[in-house]
**Student:** 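I'd like to ask you about the structure that follows.
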2 protein chains.
Amino acid sequence: MNGRFSIAIHIMTLLCADDNLQSSDYLAGSININPVLVRKELSNLLKHGLINSQLGKNGGYSLAKPAKEITIASIYKAVKPNAILGQAKNEPNPACPIGKQINSHLKALDADIEQVMVNKLGNTTLAEFYKRFD
Amino acid sequence: MNGRFSIAIHIMTLLCADDNLQSSDYLAGSININPVLVRKELSNLLKHGLINSQLGKNGGYSLAKPAKEITIASIYKAVKPNAILGQAKNEPNPACPIGKQINSHLKALDADIEQVMVNKLGNTTLAEFYKRFD
DNA sequence: TGTACTGTAATAATTTTTATTACACATAAA
DNA sequence: TTTATGTGTAATAAAAATTATTACAGTACA
């Protein structure tokens, strides 16, 4: 996994902390990454219905619903990678009985893992996560 | 996560499939990656006590113990990344109340996730995983 | 009608991953 | 005892992925 979950939850926490519209530049300043990257992730969160945006002057971003109705799992799902356990770039040797089948078995393992992860992350809401800050 | 878990479990499955010593070149041929990368991962698995190696002519690698005593979790632990959920490359803004604390809360989330993952992967042995191949 | 935003494309820089080359060292077998 | 075949590891190069930057069209408030 790359830094996307970290960026997404940082964004969501900042929006949770203040109901006013926040600009991508402000968010980028807290996360300390390029504003364009933030806008890309905001665009993704928007697509997943987690946030709202407002165009034009004094525009910005806000949560699409109350923080207690947003689970960490839903944020994770918005940015989740193809494979939690990672995947080979090269195709294994199809002439090898193990190589031929390993990917499908790995994929099954991955699905199991994703399920327990999402279960766990589904137990916490953004509101609860935010309460941990002091 | 990169391709390391995929490589490690592929290696372990191949060693499980045949008790004879296997060379890094043979393993690399099934995985379809460079033999040096395989030897690096073998070196790591060796360090974690999961395999044995034999130097010299006709040398190679074999499992360090019966496959039913090796869990998938122990293989995962040998290659696990710093953060399952990923981590930012840049330090968040220390002047921001959220930015200042986000990393420690993320780290806690990560620890929770790792625990449920390891629990889940601990339920399956290499022997059971290997049985799924036909 | 200017100003301050979002939204997105194109491109460059950086970092990470993977591949390759090279070679010291070990041991079985001819 | 010499040769062949393997491990172990360092150094370097190539490729791929991630992050940063520049640029600008479009929107809406004042």
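Numbered from 1 within each chain, the chains take letters A, B, ... in sequence-line order.
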**Student:** Nearest to the side chain of A:N58 - D:dG8, D:dA28, D:dC29?
**Tutor:** D:dC29
**Student:** What integer distance in Å separates A:E41:CD from D:dT19:C1'?
**Tutor:**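 The answer, rounded to whole Å, is 13 Å.
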**Student:** In whole angstrom, give the distance that lies between atom CD1 of B:I31 and atom C1' of C:dT17.
**Tutor:** 16 Å
**Student:** For B:N52 and D:dG6, give me the distance from atom CG to atom P, rounded to whole Å.
**Tutor:**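 The answer, rounded to whole Å, is 19 Å.
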**Student:** Of all the choices, D:dT5, D:dG8, C:dT20, which nucleotide is nearest to the side chain of B:V36 once you look at every atom?
**Tutor:** C:dT20
**Student:** Of the non-hydrogen atoms in B:A73 and B:V118, which two are nearest, and what is the gap between them?
**Tutor:**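 Closest approach of B:A73 to B:V118, heavy atoms only: CB-O, 3.6 Å.
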**Student:** Check this one for me: any side-chain N or O of A:S53 less than 4.0 Å away from OP1 or OP2 of C:dG7?
**Tutor:** yes
**Student:** For A:N32, is there any backbone N or O sitting under 3.5 Å from a side-chain donor or acceptor partner on B:N93?
**Tutor:**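 Not a single qualifying donor-acceptor pair exists.
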**Student:** Let me know the distance between OH of B:Y61 and P of C:dT27, rounded to the nearest Å.
**Tutor:** 14 Å
**Student:** Measure the distance from CG on B:L46 to P on D:dT7 and round it to the nearest whole Å.
**Tutor:** 11 Å
**Student:** Side chain of B:I33: nearest nucleotide among C:dA19, C:dT6, D:dT21?
**Tutor:** C:dA19
**Student:** Taking 4.0 Å as the cut-off, does a side-chain nitrogen or oxygen of A:Q54 come that near to OP1 or OP2 on D:dC29?
**Tutor:**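 Indeed, a polar side-chain atom of A:Q54 lies that close.
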**Student:** Under a 3.5 Å distance rule, please check whether A:H10 uses its side chain to pair with a backbone N or O of B:I102 as donor and acceptor.
**Tutor:**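 Flag not set: sc A:H10 to bb B:I102 has no pair under 3.5 Å.
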**Student:** Output the rounded distance in Å from CG (B:N34) to P (D:dG8).
**Tutor:** 16 Å
**Student:** Under a 4.5 Å cut-off applied to non-hydrogen side-chain atoms, are B:F5 and A:L109 in contact?
**Tutor:** yes
**Student:** If I take atom CG in residue B:L21 and atom C1' in nucleotide D:dT5, what distance separates them, rounded to the nearest angstrom?
**Tutor:** 13 Å
**Student:** Provide the closest heavy-atom pair for A:L42 versus A:S24 in the form atom of the first, atom of the second, distance.
**Tutor:** CD1-CB, 3.9 Å
**Student:** What is the distance, rounded to the nearest whole Å, between atom CD of B:Q87 and atom C1' of D:dT19?
**Tutor:** 15 Å
**Student:** Taking any heavy-atom pair under 4.0 Å as a contact, classify B:I7: base, sugar-phosphate, or nothing.
**Tutor:** nothing
**Student:** With nearest nucleotides of DNA chain D determined for A:L55 and A:P35 from heavy-atom distances, which residue corresponds to the more 5′ nucleotide?
**Tutor:**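 Between the two, 5'-proximity favours A:P35.
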**Student:** Please tell me which of B:K57 and A:N90 maps to the more 5' nucleotide of DNA chain C, matching each residue to the nucleotide holding its nearest heavy atom.
**Tutor:** A:N90
**Student:** Map B:S23 and B:K40 onto DNA chain D by nearest heavy atom, then report which one ends up closer to the 5' terminus.
**Tutor:**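 On the 5' side of the pair lies B:S23.
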**Student:** Reckon B:S43 has a side-chain N or O less than 4.0 Å from the OP1 or OP2 of D:dT9?
**Tutor:** yes
**Student:** With a non-hydrogen cut-off below 4.0 angstrom, is B:G59 in contact with a base, only sugar-phosphate, or nothing?
**Tutor:** sugar-phosphate
